[in-house]
Asker: 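Before I ask anything, here is the structure I am working with.
In this text the structure is predicted, and so the values were computed from the model without any measurement.
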Amino acid sequence: MTDVIRDLARLRECVAAWRAEGLRVALVPTMGNLHGGHFSLVELARRHADRVVVSVFVNPTQFGPGEDYDRYPRTPEADVEGLRSAGADVAWMPAVEVVYPYGPEAAVRVQVPGIAEVLEGAHRPGHFDGVATVVARLFNQVQPDVAVFGRKDYQQLAVIRYMVRDLAFPVELVAADILREDDGLAMSSRNQ
């Protein structure tokens with residue numbers, strides 16, 4: 001049974017109870033509109049931990065001007081149902097105000113030099129700063145032992161690896177293989 005949590009104090013209370021039992025906690029960060037690729041991350045997380053938290057949060061700080069933040073597909077009811085079927089313990093579904101208490105514009109930001117500024121980062125300035133910022137916040141909120149990311153977003157994975165090492169986050173990163181559609185296209189929320 002997947003517990004839907006939107007309040008940070010309640011999330012921390014839940015994780016603290018697991019820790020008191022000596023359980024290992026995994027985090028799977030997502031922006032929702034979940035599909036088979038996401039559910040395979042939950043399955044992989046389950047192999048590395050006793051409890052699995054899946055964050056469902058469309059992060060405004062990784063969208064630039066003119067990008068599709070407002071149009072990004074949001075399917076919270078279907079996401080929760082899918083997470084229940086996949087065996088996630090908690091769906092962490094915070095409001096923007098919970099993740100960014102001073103608002104996205106006034107948020108403390110994390111910048112990863114070099115790797116975040118090439119390839120996709122060169123075409124989407126600030127995108128990976130937003131990714132690193134929200135993942136750092138999710139790590140602080142959940143305090144997982146392990147976090148699972150897909151290799152589909154390879155540059156994102158490289159940015160997160162750099163940040164984890166540089167900021168000494170006590171989080172083991174697990175990279176999941178790419179899951180593909182029947183036609184070979186990598187599964188993505190944007191495919192829908």
Asker: Looking at CG of Leu167 and CG of Asn140, how far apart are the two atoms once the value is rounded to the nearest 0.5 Å?
Answerer: 11.5 Å
Asker: Can you tell me if Glu120 has over 12 outside heavy atoms packed within less than 6.0 Å of its CD?
Answerer: yes
Asker: When you look at Val90 and Thr2, which way does the side chain to side chain contact (heavy atoms under 4.5 Å, CB included) test go after all the steps?
Answerer: CA-CA 5 Å; Val90 165; Thr2 302; 5.7 Å; no
Asker: Find the distance between OG (Ser55) and CZ (Arg137) and round it off to the nearest 0.5 Å.
Answerer: 14.0 Å
Asker: State, yes or no, whether a side-chain contact exists between Val131 and Val112 at a heavy-atom distance under 4.5 Å.
Answerer: no
Asker: Evaluate the side-chain proximity of Trp92 to Leu138: yes if any heavy-atom separation is below 4.5 Å, no if none is.
Answerer: yes
Asker: Can you find a pair of side-chain heavy atoms, one from Glu172 and one from Asp145, that are under 4.5 Å apart?
Answerer: no
Asker: Locate the shortest heavy-atom distance separating Ala158 from Ile115; write the atom from each residue and the value.
Answerer: CB-CD1, 3.2 Å
Asker: Can you get from Leu119 to Leu157 by hopping between Ile, Leu, Val, Met, Phe, Trp and Tyr side chains that sit under 4.5 Å apart?
Answerer: no
Asker: Flag the pair Phe149 / Gln156 as yes when at least one side-chain heavy-atom distance between them is below 4.5 Å, and no otherwise.
Answerer: yes
Asker: Is there a side chain to side chain contact (heavy atoms under 4.5 Å, CB included) between Val110 and Met163? Walk through the geometry before answering.
Answerer: CA-CA 9 Å; Val110 177; Met163 178 188 76; 3.9 Å; yes
Asker: Heavy-atom distance under 4.5 Å between the side chains of Leu27 and Val146, does that happen here?
Answerer: no
Asker: Per the side-chain hydrogen bond (donor to acceptor under 3.5 Å, both in side chains) rule, which among Tyr69, Tyr100, Tyr72 passes with Asn59?
Answerer: Tyr100
Asker: Return the CG to OG1 distance between Asp129 and Thr133, rounded to the nearest 0.5 Å.
Answerer: 6.0 Å
Asker: Checking side chain to side chain contact (heavy atoms under 4.5 Å, CB included) for the pair Thr75/Leu34: CA distance, chi angles, key distance, verdict?
Answerer: CA-CA 8 Å; Thr75 56; Leu34 304 179; over 6 Å; no
Asker: Looking at CE of Met93 and CG of Leu11, how far apart are the two atoms once the value is rounded to the nearest 0.5 Å?
Answerer: 13.0 Å
Asker: Main chain of His48, side chain of Arg24: is a donor-acceptor contact present, judged purely on distance under 3.5 Å?
Answerer: yes
Asker: Do you know the tightest heavy-atom contact between Asn33 and Pro73?
Answerer: ND2-CG, 3.1 Å
Asker: To the nearest 0.5 Å, tell me how far Asp166 CG sits from Arg161 CZ.
Answerer: 15.5 Å
Asker: So, for Val174 and Leu44, which heavy atoms are closest and what is the spacing to 0.1 Å?
Answerer: CG1-CD2, 3.6 Å
Asker: Taking all heavy atoms of Tyr162 and all of Pro113, pick out the closest pair and write down the distance.
Answerer: OH-CG, 3.7 Å
Asker: Do Asp50 and Glu21 make a side-chain contact, defined as non-hydrogen atoms from C-beta onward lying under 4.5 Å apart?
Answerer: no
Asker: Among Leu83, Thr30, Val53, which residue meets the side chain to side chain contact (heavy atoms under 4.5 Å, CB included) test with Val42?
Answerer: Leu83
Asker: Give a yes or no on whether a salt bridge exists between Asp3 and Arg10, defined as a side-chain N under 4.0 angstrom from a carboxylate O.
Answerer: yes
Asker: Charged N to carboxylate O below 4.0 Å: is that the case for Arg46 and Asp89?
Answerer: yes
Asker: Pick out which of Arg124, Glu67, Met31 makes a side chain to side chain contact (heavy atoms under 4.5 Å, CB included) with Gln62.
Answerer: Met31
Asker: With a 4.5 Å cut-off on side-chain heavy atoms, are Pro144 and Phe139 touching?
Answerer: yes
Asker: Quick one: closest heavy-atom pair of Val56 and Gly32, and the distance?
Answerer: CG1-CA, 3.6 Å
Asker: Which value, rounded to the nearest 0.5 Å, describes the distance between Leu41 atom CG and Lys152 atom NZ?
Answerer: 10.0 Å
Asker: Indicate yes or no: at least one non-hydrogen side-chain atom of Asp177 is less than 4.5 angstrom from one of Arg151.
Answerer: yes
Asker: Show the nearest heavy-atom pair for residues Pro94 and Phe57, with the distance to one decimal.
Answerer: O-CD1, 3.5 Å
Asker: Taking it one step at a time, do Gln143 and Val171 satisfy side chain to side chain contact (heavy atoms under 4.5 Å, CB included)?
Answerer: CA-CA 8 Å; Gln143 299 185 354; Val171 177; over 6 Å; no
